[in-house]
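Worksheet: one structure, shown below.
For the numbers below, each heavy atom of this structure counts, side chains included, while hydrogens, waters and symmetry mates do not. Letters A, B, ... mirror the listed sequences (proteins, then strands); counts begin at 1.
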There are 2 protein chains.
Amino acid sequence: MSTIKEVAKRAGVSVGTVSKVINNIEVKPKTKQAVELAIKELNYQPNVYARGLKVSRTNTVALILPTVWHPFFGELAYNIEKNLRQHEYKMILCNSEGDYLTELSYLTMAKQNQVDGIIAITYSDIEHYVSSNIPLISIDRFFNDEVPYVSSDNFLGGQLAAKHLDEAGCQSLCFIGAGSKKENTTRNRKKGFIDYCEKYQKTYEIFDLIGSQSEFHEKMEQFLLEKIIKEHSIDGIFAVTDAYALEVINFLEKHQISIPDDVQIIGFDGVKSSKHDQIEISTIRQPIEEIAKESVAAIIHLINKETIEKEILLPVHFIQGNTTKRQKDS
Amino acid sequence: MSTIKEVAKRAGVSVGTVSKVINNIEVKPKTKQAVELAIKELNYQPNVYARGLKVSRTNTVALILPTVWHPFFGELAYNIEKNLRQHEYKMILCNSEGDYLTELSYLTMAKQNQVDGIIAITYSDIEHYVSSNIPLISIDRFFNDEVPYVSSDNFLGGQLAAKHLDEAGCQSLCFIGAGSKKENTTRNRKKGFIDYCEKYQKTYEIFDLIGSQSEFHEKMEQFLLEKIIKEHSIDGIFAVTDAYALEVINFLEKHQISIPDDVQIIGFDGVKSSKHDQIEISTIRQPIEEIAKESVAAIIHLINKETIEKEILLPVHFIQGNTTKRQKDS
DNA sequence: TTGTACGCGTTATCAT
DNA sequence: ATGATAACGCGTACAA
């Protein structure tokens, strides 16, 4: 690999001049030509480490998430990388697997100057570690007033879900979710749901269990058995994620409950496992492209030391699937 | 961020000594202690760019693939990153979207010294570009004798599929695939299938169309209609990927063909869209963890200028799903 | 065993 | 407009 010195020698100019040409600083057209020729001839590529050392900028951003092997995170990672690329940034992918120590090691790496900024989606309590001065954007999680975050408007999503169930003719609604110990913004889905029900005087139930995955499953089936199979006292369900919606659907189908005739269901997320997939269940879709776009825009602003909003809330939309009745007017 | 100089001053030694401590070169225990204390106190992190400039090693590998937003690539990317991390390497993720120019731009980046090596899964003809001297491992695609590649043993997979259909009682088999213009190793799936059939004198048909996606779909349905619905002359299908298997399944179900009673189906890939998914169709599973592991091992060997095998073929396995009949003895 | 000094390739400042 | 050169932080050969 040739260096700037060699280019300078070949073009018959000094290194300073070559540097100017590379960085688009004005030089005499003729010298510029000569330099560019030399660059081409030598197939010269600036060494990013030398440059990085000088300007301490790497044009690299780290993306920390639990695992890219997941439809939602996969789509998100794809879009974030795409946006970063458009801004001429590279992306280092970090699968934390939800592990605290792994996340910390990535943060350390970041501090070592390897990246200009971090976009993180984490549910660990890394709060006091993020206090450092490296640009950081959180997705889906509020840390503190120092860390800007980007998220779907989960509250609105909850309202929307309730509204659609209501308008689709459901009489008594139900929210199903697994309350996480970790504080994240998905809690607002429940709040939005309740808000709508209260405002429009809909009867509703809440099933929100904090506990292990298996325990949850069992308790949920018990609950559904009671309320739906026996009492028939619920005809509209809002599940806090599509995954839970799927569980509910499987259970109900096993018990010969017809969807959406007897019970209607709305999930949340609207992820597809690849670009060409189709969504089948009715759901509130998170605007993943938007989340990616806004996160990238935000981190770049931060890197450039520009001020940005501390909270970026993105609108969600209802997607008609086959688990709710179709309406003429909406 | 503090520098090596500051550490040296605080520890009362020279920078050379600090450097030695960092790089585990022997120093007097006492000085070592003093230096380590200073490092801790100042929260010193070596600047990777200065180091990179010096040793031209970045401990970073680029992964180029079509898109991480896809179950197979997602799982692969996850595992590759995981393995790289274990070797203290970072991974830059590059979604090429199958675009030639994008792939080239990533290769250029790599040549700029930003990464120590590249793992690529690409179907473009970047052959003459890869001739450069940067370490490169190809997955699933043979370029030339210079570029080592890692792949599933697709030939074996084809054989396995035919064998399982045979042993499950199928009388006349069928291969379904879309021949790509691009040369890749998946062609060997067909060859393996044929090999088994010829060897054991099974009757078989081949549907292998080169053409557009939509055209393929139409022609395939026509073919299935003819052979299965009308003639009943096929009772075992090996689809070249799970995606195609799914298409076949959907079509047959629409026409009231019972699976696996009337027709048995085996796919290929065995991907799950996330760690906790379940596989439902019978399939030949690619050993994704192994592919990841071997690719990483190979690229690191290459970076260390050690010689490696030019071809690494990994065994595949049959996974019992609900689209083939269960057998007692296998 | 430890310290000194040079060089890696680039950018930026200051002369020219 | 261009050239010379210091500085970025580190590793290492060589000197002490």
Side-chain angles (χ1 to χ4, degrees), chain A residues 1-39 41-60 88 108-116 134 304, chain B residues 1-39 42-60 88 108-116 134:
Chain A
M1 188 63 34
S2 45
T3 75
I4 198 172
K5 262 185 196 161
E6 296 169 317
V7 174
K9 192 191 280 179
R10 183 170 196 109
V13 298
S14 77
V15 289
T17 307
V18 177
S19 179
K20 287 192 180 68
V21 172
I22 294 169
N23 296 290
N24 278 318
I25 297 173
E26 202 149 312
V27 294
K28 208 160 62 185
K30 204 172 160 186
T31 47
K32 178 167 183 172
Q33 247 179 1
V35 172
E36 280 173 344
L37 179 67
I39 289 178
E41 285 176 338
L42 293 173
N43 190 22
Y44 165 73
Q45 305 276 13
N47 179 312
V48 287
Y49 288 92
R51 175 180 277 164
L53 177 58
K54 197 60 191 144
V55 302
S56 58
R57 271 272 194 122
T58 67
N59 273 265
T60 304
E88 304 202 290
T108 305
M109 177 197 86
K111 285 185 198 154
Q112 282 183 140
N113 235 335
Q114 314 213 35
V115 295
D116 297 339
I134 173 156
N304 293 332
Chain B
M1 189 62 34
S2 45
T3 75
I4 198 172
K5 260 185 198 162
E6 297 169 318
V7 174
K9 191 191 281 181
R10 184 172 195 106
V13 299
S14 77
V15 290
T17 309
V18 177
S19 179
K20 286 193 180 69
V21 172
I22 294 170
N23 295 291
N24 277 321
I25 297 172
E26 202 148 312
V27 294
K28 205 160 66 184
K30 204 171 159 187
T31 46
K32 179 167 182 173
Q33 246 179 2
V35 171
E36 279 171 345
L37 179 66
I39 288 179
L42 292 173
N43 190 23
Y44 166 74
Q45 306 276 9
N47 178 312
V48 288
Y49 287 92
R51 175 180 275 163
L53 178 59
K54 211 40 204 157
V55 301
S56 57
R57 270 268 195 127
T58 67
N59 273 264
T60 304
E88 303 202 293
T108 305
M109 177 195 85
K111 284 184 197 156
Q112 283 183 115
N113 236 332
Q114 314 213 35
V115 295
D116 297 339
I134 172 157

Residues 28-36 of chain B side chain polar contacts: donor-acceptor under 3.5 Å, at least two apart:
{"unit_1": "T31(B)", "atom_1": "OG1", "unit_2": "K28(B)", "atom_2": "N", "d": "3.4"}
{"unit_1": "T31(B)", "atom_1": "OG1", "unit_2": "K28(B)", "atom_2": "O", "d": "2.6"}

Any side-chain N or O of R51(B) less than 4.0 Å from the OP1 or OP2 oxygen of dG11(D)?
->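 The answer is yes; a side-chain N or O of R51(B) sits under 4.0 Å from OP1 or OP2.
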
Contact under 4.0 Å: T17(A) side-chain N or O vs dT2(D) OP1/OP2 = no

Earlier contact from the 5' end, DNA chain D, for G16(A) and E26(A) |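 Checking each residue's closest nucleotide, the 5'-ward one belongs to E26(A).
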
Nearest-nucleotide check on DNA chain D, K32(A) vs V15(A); residue mapping nearer the 5' end is K32(A)

Can you tell me how far [atom2] of [N] sits from [atom1] of [X], to the nearest Å?
X	N	atom1	atom2	answer
K5(B)	dT4(C)	NZ	C1'	13 Å
N24(A)	dA1(D)	CG	C1'	16 Å
K20(A)	dG3(D)	NZ	P	9 Å
N23(A)	dT10(C)	CG	C1'	9 Å
I25(B)	dT12(D)	CD1	C1'	8 Å
I4(A)	dG9(C)	CD1	C1'	7 Å
R57(A)	dA12(C)	CZ	P	12 Å
I22(A)	dT11(C)	CD1	C1'	10 Å

Between NZ of K9(B) and OG of S2(B), what distance do you get to the nearest 0.5 Å?
-> 12.5 Å

First locate atom CD1 of I4(A), then atom CG of L42(A), and finally report the distance between them rounded to the nearest 0.5 Å.
->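 Result: 12.0 Å between the selected atoms.
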
Identify which nucleotide among [options] has an atom closest to any side-chain atom of [X], counting heavy atoms from C-beta outward.
X	options	result
S14(A)	dT11(C), dG3(D), dT2(C)	dG3(D)
A50(B)	dT10(C), dG3(C), dG9(D)	dG9(D)
N47(B)	dT2(C), dG11(D), dG9(D)	dG9(D)
Y44(B)	dC8(C), dC10(D), dT2(C)	dC10(D)
L53(B)	dT4(C), dT13(C), dG9(D)	dG9(D)
K54(B)	dT2(D), dG11(D), dG3(C)	dG11(D)
V27(B)	dC10(D), dT2(C), dT11(C)	dT2(C)

Kindly give the heavy-atom pair with the smallest separation between A11(A) and A38(A), and that separation in Å.
->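 Where A11(A) meets A38(A) most closely, the heavy atoms are CB-CB, 3.9 Å.
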
What are the two closest heavy atoms between Y49(A) and L53(B), and how far apart are they?
->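 Shortest heavy-atom contact: CB-N, 3.8 Å.
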
Contacts under 3.5 angstrom, residues 18-27 of chain B side chains, donor-acceptor by atom type, not counting sequence neighbours:
{"unit_1": "S19(B)", "atom_1": "OG", "unit_2": "N23(B)", "atom_2": "ND2", "d": "3.4"}
{"unit_1": "N23(B)", "atom_1": "ND2", "unit_2": "S19(B)", "atom_2": "O", "d": "2.8"}

How large an angle, rounded to 10°, do the end axes of the helix from dT1(C)-dA16(D) to dT16(C)-dA1(D) enclose when each is built from five base pairs?
-> 40°

Compare all side-chain heavy atoms of V7(B) with those of R10(B) and state whether any distance is below 4.5 angstrom.
->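 A side-chain contact is absent here, since even the closest heavy-atom pair is not under 4.5 Å.
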
Stepwise side chain to side chain contact (heavy atoms under 4.5 Å, CB included) test for T3(B) and V15(B) = CA-CA 10 Å; T3(B) 75; V15(B) 290; over 6 Å; no

Using a cut-off of 4.0 Å on non-hydrogen atoms, how would the nucleic acid contact of S19(B) be classed: base, sugar-phosphate, or nothing?
->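 The answer is base, as S19(B) lies within the cut-off (heavy atoms under 4.0 Å) of a base atom.
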
Touch check for V13(A), heavy atoms < 4.0 angstrom, all strands: base, sugar-phosphate only, or nothing?
->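 Contact class for V13(A): sugar-phosphate only.
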
